[in-house]
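Notes follow once the structure below has been shown.
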Amino acid sequence: MEPTAKSLSRTYSDRVYSDPWEKVLDYRRVREYAAENPNAGRVRVGRALDLPPGRVRGWLKDTVPDPVRGINAAIDHGWLDPDPDSETAAALVELLAHVLAGGSITERNYSPGVAPGERVGAEEIRNAFERTDVETRTRNEDAPGRASEIVPTCDGTVLGRCLVAMGAPAGEKTTLKQFPAVVWDVPRSIRRSFAQIYVRHRGLKYPDKSTTQVQVKRPDSFIAELRDVLNDVLDEPIGGASTRLTISAAAARELGVE
């Protein structure tokens, strides 16, 4: 199940390697060879592994490539290759729902943030982040005209990259064509929780009726797959047009959306 070390590494860019995963593999080869041949210098290691000595030199000392550093941080938090039935998988998929529906991941540094809404309060969002083993702070809390967001205080950019590896977009969300396939890898109960979070963020709340509409500015393919998820976890049918999904009062009650 995503994220994996390979998919996480590929969220990084590199001036030398077209595939950053190959850089991770080369770094590991260098470290393994050095461990087995502690007296080998950069030239010998480079020749043995067919790598430039200049590249090897830093890796033999303390230089760690960014993808490797990210993978190590993700391993420390338990984010990689989560068991679909695990609490980690549930926490990551539910945080993914918060980010997709009520937040964003910056394209520049992959920092995730989620804004509180009418149905989803700051405490719930903080708990969602903390379930993934990161602490949080509030960004833009005292900035007039800017929405406040709950953001991680540590390893947030690695967490953001993990969410991107799971299918979240970095930067603009409206062009996201494919619904995250990882939602289908987890048990139906977690998929239901994902759907509930999404609807609570995006569903319009009417003062005089329980029906809600989820307005989604996404390509048709994304909306169709979101409808499939909702139909999978609900007995009540989902209606609506191409840019919105209608959740009936009965379906809203079934989903636990007030």
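This structure is a prediction, so every number in the text was calculated from the model and none was measured. Residue numbers count from 1 along this sequence.
- The aromatic rings of H98 and H201 lie perpendicular to each other, with more than 60° between the two planes, well past the 30° mark.
- At least one side-chain heavy atom of P187 sits less than 4.5 Å from a side-chain heavy atom of D85.
- Scanning all heavy atoms of the two residues, the minimum distance from C162 to A74 falls at SG-CB, 4.1 Å.
- A 6.0 Å sphere centred on CZ of R188 holds more than 12 heavy atoms belonging to other residues, nucleotides or ligands.
- In this structure, the side chain of R161 does not engage the main chain of P67 through any donor-acceptor pair within 3.5 Å.
- When the shell of 6.0 Å around NZ of K205 is examined, it contains more than 12 heavy atoms from other residues, nucleotides or ligands.
- The closest side-chain heavy-atom distance from V120 to I125 is below 4.5 Å.
- F194 and F179 have their aromatic ring centers within a separation under 6.0 angstrom.
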Check step by step if side chain to side chain contact (heavy atoms under 4.5 Å, CB included) holds for D83 and T88.
CA-CA 8 Å; D83 183 330; T88 297; over 6 Å; no

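- A donor-acceptor pair under 3.5 Å is formed between the side chain of R202 and the backbone N or O of Q215.
- Side chains of P180 and M166 form no contact here, defined as non-hydrogen atoms less than 4.5 Å apart.
- Note that CG of D228 and CH2 of W184 are 6.0 Å apart. Values are rounded to the nearest 0.5 Å.
- Both I105 and V182 are members of a single hydrophobic cluster when ILVMFWY side chains are connected at heavy-atom separations under 4.5 Å.
- The environment of CG in D50 is sparse: at most 12 heavy-atom neighbours from other residues, nucleotides or ligands sit within 6.0 Å.
- Of all the heavy atoms in I197 and A97, the pair that sits closest is CG2-CB, 3.7 Å.
- Y198 and V186 fall within the same hydrophobic cluster, where Ile, Leu, Val, Met, Phe, Trp and Tyr residues are linked whenever their side-chain heavy atoms come under 4.5 Å apart, directly or through other members.
- E254 places a side-chain N or O within donor-acceptor distance of the main-chain N or O of D235, the cut-off being under 3.5 Å.
- A donor-acceptor pair under 3.5 Å is formed between the side chain of R191 and the backbone N or O of V183.
- Clustering ILVMFWY residues whenever any of their side-chain heavy atoms sit less than 4.5 angstrom apart, transitively, puts L204 in a cluster other than the one holding L234.
- Annotation: side chain of T4 is in contact with side chain of E2 (closest heavy-atom distance under 4.5 Å).
- Considering all non-hydrogen atoms of both residues, K173 and G103 come closest at NZ-O, 2.7 Å.
- Summarising the geometry, atom OG belonging to S193 is positioned 3.0 Å from atom CD belonging to E94; distances are rounded to the nearest 0.5 Å.
- More than 12 non-hydrogen atoms from other residues, nucleotides or ligands lie less than 6.0 angstrom from CD of E130.
- Using a 4.5 Å cut-off on side-chain heavy atoms (C-beta onward), L159 and L95 make contact.
- Annotation: E87, atom CD; neighbour count of heavy atoms from other residues, nucleotides and ligands within 6.0 Å is above 12.
- V45 is not listed as a side-chain neighbour of L51, based on a closest heavy-atom distance of 4.5 Å or more.
- Annotation: side chain of E172 is not in contact with side chain of E107 (no heavy-atom distance under 4.5 Å).
- Judged by distance alone, with hydrogens and angles left aside, the side-chain atoms of E149 form no donor-acceptor pair with the main-chain N or O of V151 at under 3.5 Å.
- Connection of V257 to Y206 is not established within any shared hydrophobic cluster, with ILVMFWY side chains joined at heavy-atom distances below 4.5 Å, either directly or through further cluster members.
- F129 and P112 get closest at one heavy-atom pair: CE2-CG, 4.2 Å.
- Judged by distance alone, with hydrogens and angles left aside, the side-chain atoms of W79 form a donor-acceptor pair with the main-chain N or O of T132 at under 3.5 Å.
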Show, in sequence, the C-alpha distance, side-chain angles and deciding distance for I71 and L80, and conclude whether the side chain to side chain contact (heavy atoms under 4.5 Å, CB included) test is met.
CA-CA 8 Å; I71 289 168; L80 297 185; 3.9 Å; yes

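- Summarising the geometry, atom SG belonging to C154 is positioned 7.5 Å from atom CG belonging to D133; distances are rounded to the nearest 0.5 Å.
- Ionic pairing of R29 and D26 is present here: one or more N-O contacts between side-chain nitrogen and carboxylate oxygen are shorter than 4.0 angstrom.
- Between the side chain of R10 and the backbone N or O of W21, no donor-acceptor pair lies under 3.5 Å.
- Residue L176 is grouped with residue V214 when hydrophobic side chains (ILVMFWY) are merged at heavy-atom distances under 4.5 angstrom, including chains of intermediate members.
- The minimum heavy-atom distance linking A252 with I247 is given by the pair N-CG2, 3.6 Å.
- Atoms CZ and CG, from F222 and L100 in turn, are 5.5 Å apart once rounded to the nearest 0.5 Å.
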Could you please spell out the steps behind the side chain to side chain contact (heavy atoms under 4.5 Å, CB included) verdict for M1 and V93?
CA-CA 11 Å; M1 176 180 162; V93 168; 3.8 Å; yes

Take S7 and T11, measure what side chain to side chain contact (heavy atoms under 4.5 Å, CB included) needs, and give me the verdict at the end.
CA-CA 7 Å; S7 62; T11 66; over 6 Å; no

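- For the pair T106 (side chain) and S111 (backbone), a donor-acceptor distance under 3.5 Å is present.
- Between the R69 side chain and the V64 main chain, a donor and an acceptor come within less than 3.5 Å of each other.
- A distance-only check finds no donor-acceptor pair linking the side chain of R126 to the backbone of I150 [under 3.5 Å].
- To the nearest 0.5 Å, atom CZ of residue R200 and atom CZ of residue R119 are 8.5 Å apart.
- Residues G46 and V56 come closest through the heavy atom pair CA-CG2, 4.0 Å.
- Taking 4.5 Å as the limit, every side-chain heavy atom of K23 sits out of range of all side-chain heavy atoms of V16.
- In this structure, the separation between OG1 on T153 and CZ on R139 is 12.5 Å, given to the nearest 0.5 Å.
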